[in-house]
Q: 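The structure's right below; bear with me while I get my questions together.
Here is how names work: the chains are called A, B, and so on, in the same order as the sequence lines, proteins then strands, and each is numbered from 1.
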2 protein chains.
Amino acid sequence: MKSAPALPDAYEAIFTALAHPARRRILISLNFAGGAMSAGQIAGLFGHAWPTTTRHLQLLEAAGLIEHRREGRTRLYRLHAPRLALARDWLAWFERDPATAEEKDDGTGPAPVPIEHRSRQS
Amino acid sequence: MKSAPALPDAYEAIFTALAHPARRRILISLNFAGGAMSAGQIAGLFGHAWPTTTRHLQLLEAAGLIEHRREGRTRLYRLHAPRLALARDWLAWFERDPATAEEKDDGTGPAPVPIEHRSRQS
DNA sequence: GGATTATTTAGCCTATTCGCTAAATAACGC
DNA sequence: GCGTTATTTAGCGAATAGGCTAAATAATCC
């Protein structure tokens with residue numbers, strides 16, 4: 001998490017990370033694994049070269065979606081679900097009528113949206 | 001919708017679309033507009049050149065997230081929320097314990113995940 | 001009908017992504 | 001200590017993304 005970008009850059013990092021099928025598969029596999037998977041195990045999911053997987057893992061970690069710890073020469077990766085929840089929450093805005101969404105503002109749902117408006121778009 | 005990619009390519013298109021801040025802003029603005037916005041109105045949200053906005057709109061439309069109709073020389077764009085729901089549902093998998101998720105399979109939630117596993121990853 | 005307006009298309013350019021192979025680094029086992 | 005194994009780093013190259021300006025196309029207005 002220490003390298004995860006601050007909002008709203010986080011959205012860009014997260015959605016970018018989710019945009020590649022290999023990276024989605026990594027997330028799915030980590031989720032199903034429940035605990036952690038080694039880099040080698042993850043690399044074994046794919047037919048492509050291991051360094052390619054390393055690249056993907058680095059990007060997922062930079063986005064804050066996964067994290068790793070070392071155990072000897074093995075690197076164990078695991079999911080960081082709160083980051084995924086960020087994306088989910090952002091998307092949750094679109095299942096509500098904007099008028100009712102404002103009435104139901106509980107301080108958690110609408111947070112992503114105004115911050116996005118204030119991003120460097122000028 | 002007629003040009004929207006089939007699953008699981010849809011995920012790539014959708015998350016890619018969401019990865020750029022300008023495109024997220026377009027979606028947010030369309031959502032708040034409630035009905036539709038013209039290309040010019042959308043372009044007016046940004047300081048960048050109008051053709052850049054056109055590019056973003058084309059990508060959003062290819063991903064099935066928005067659609068347009070013509071009214072004379074004006075092009076009106078509107079949100080296609082079911083596509084966003086796809087992404088949300090995919091992400092919804094990560095808020096559940098995998099074991100309980102299988103027990104609660106109602107035919108809507110888990111659909112994105114197995115299809116992803118069958119994608120061309122070999 | 002010509003000028004104005006709405007919008008896209010075409011093409012250029014720079015930066016980034018994502019695949020690869022080779023090399024490097026470190027841990028492990030005998 | 002040396003060979004093996006786990007993993008990343010470095011660098012290359014092709015493809016793509018995303019910005020731009022100029023030009024094109026079509027609708028609208030006077």
Side-chain angles (χ1 to χ4, degrees), chain A residues 3 5 8-9 11-27 29-30 33 36-63 65-78 119-122, chain B residues 3 5 8-9 11-27 29-30 33 36-63 65-78 119-122:
Chain A
S3 60
D9 293 331
Y11 292 118
E12 185 165 347
I14 294 167
F15 288 125
T16 298
L18 296 173
H20 194 284
R23 296 198 286 270
R24 287 199 299 283
R25 191 169 177 196
I26 290 170
L27 293 174
S29 301
L30 286 175
M37 289 176 76
S38 70
Q41 284 174 322
I42 295 167
L45 296 172
F46 309 103
H48 57 238
W50 194 333
T52 302
T53 300
T54 302
R55 275 262 175 83
H56 288 311
L57 290 170
Q58 286 169 346
L59 198 142
L60 285 167
E61 193 155 13
L65 295 170
I66 63 171
E67 52 203 6
H68 81 270
R69 69 175 194 271
R70 287 202 76 86
E71 276 190 8
R73 67 188 180 181
T74 303
R75 210 177 243 209
L76 293 171
Y77 289 87
R78 67 172 181 275
S119 67
R120 24 135 207 165
Q121 294 295 322
S122 56
Chain B
S3 61
D9 293 332
Y11 292 119
E12 185 165 345
I14 293 167
F15 287 127
T16 299
L18 294 174
H20 194 284
R23 295 198 286 272
R24 289 200 298 285
R25 190 168 177 197
I26 290 169
L27 294 174
S29 301
L30 287 174
M37 289 176 74
S38 70
Q41 284 174 324
I42 295 167
L45 297 173
F46 309 102
H48 57 238
W50 194 332
T52 301
T53 300
T54 303
R55 275 262 174 83
H56 287 312
L57 291 170
Q58 286 169 346
L59 198 142
L60 285 168
E61 193 155 14
L65 294 170
I66 62 171
E67 52 204 7
H68 81 269
R69 69 175 194 272
R70 288 200 75 88
E71 278 191 9
R73 67 190 179 180
T74 302
R75 209 177 243 209
L76 294 171
Y77 289 88
R78 68 172 181 273
S119 67
R120 41 181 178 120
Q121 294 293 322
S122 57

Q: Can a side chain N or O of A:Thr52 be found less than 4.0 Å away from OP1 or OP2 on C:dC18?
A: no

Q: To the nearest 0.5 Å, how far apart are CD1 in A:Ile26 and CG in A:Leu57?
A: 4.5 Å

Q: Are A:Arg25 and A:Phe46 in a cation-pi contact, defined as NZ or CZ under 6.0 Å from the six-membered ring centre and within 45° of the axis?
A: yes

Q: Would you sketch DNA chain D in dot-bracket for me? Only Watson-Crick or G-U wobble pairs with both distances under 3.5 Å count, crossing pairs as [ ], other-strand pairs as |, the rest as dots.
A: ||||||||||||||||||||||||||||||

Q: Between C:dA6, C:dT21, D:dC12, spot the one nearest the side chain of A:Pro51, thanks.
A: C:dT21

Q: If you check the A:His20 side chain, which of C:dC18, D:dG19, C:dT8 turns out closest?
A: C:dC18

Q: What does A:Thr74 touch in the nucleic acid at a heavy-atom separation under 4.0 angstrom: a base, only the sugar-phosphate, or nothing?
A: sugar-phosphate

Q: What's the shortest heavy-atom distance between B:Leu76 and B:Ala36, and which atoms?
A: CB-CB, 4.2 Å

Q: Using a cut-off of less than 4.0 Å, is there contact between a side-chain N or O of B:His56 and OP1 or OP2 of D:dG19?
A: yes

Q: Within the side chain of B:Glu61, is there an N or O that forms a donor-acceptor pair under 3.5 Å with the backbone of B:His68?
A: yes

Q: Answer with base, sugar-phosphate or nothing: what part of the nucleic acid does B:Ala49 contact at a heavy-atom distance below 4.0 Å?
A: base

Q: Hey, does A:Arg75 reach any base, or is it just sugar-phosphate, or nothing, if we go heavy atoms under 4.0 Å?
A: sugar-phosphate

Q: If you compare every side-chain N and O of A:Tyr77 against the phosphate oxygens of D:dA6 (OP1, OP2), does one of them come in below 4.0 Å?
A: no

Q: Hey, can you tell me if B:His20 and B:His56 have their rings parallel, tilted or perpendicular (30° and 60° cut-offs)?
A: tilted

Q: Just compare C:dT4, C:dG19, C:dC18 and give me whichever is closest to any side-chain atom of B:Arg73.
A: C:dT4

Q: How is A:Arg70 classified with respect to the nucleic acid when contacts are heavy atoms under 4.0 Å: base, sugar-phosphate, or nothing?
A: nothing

Q: Which part of the nucleic acid, if any, lies within reach of B:Ser38 when heavy atoms closer than 4.0 Å are counted: base, sugar-phosphate only, or nothing?
A: sugar-phosphate

Q: Could you tell me whether B:Arg69 and B:Glu67 have a side-chain N and a carboxylate O separated by less than 4.0 Å?
A: no

Q: Between A:Leu30 and A:Ile42, does a side chain to side chain contact (heavy atoms under 4.5 Å, CB included) hold up when you go through it step by step?
A: CA-CA 9 Å; A:Leu30 286 175; A:Ile42 295 167; 4.1 Å; yes

Q: Among D:dT7, C:dT7, C:dC20, which is the nearest nucleotide to the side chain of A:Trp50?
A: D:dT7

Q: Strictly below 4.0 Å: does B:Gln58 bring a side-chain N or O up to OP1 or OP2 of C:dT9?
A: yes

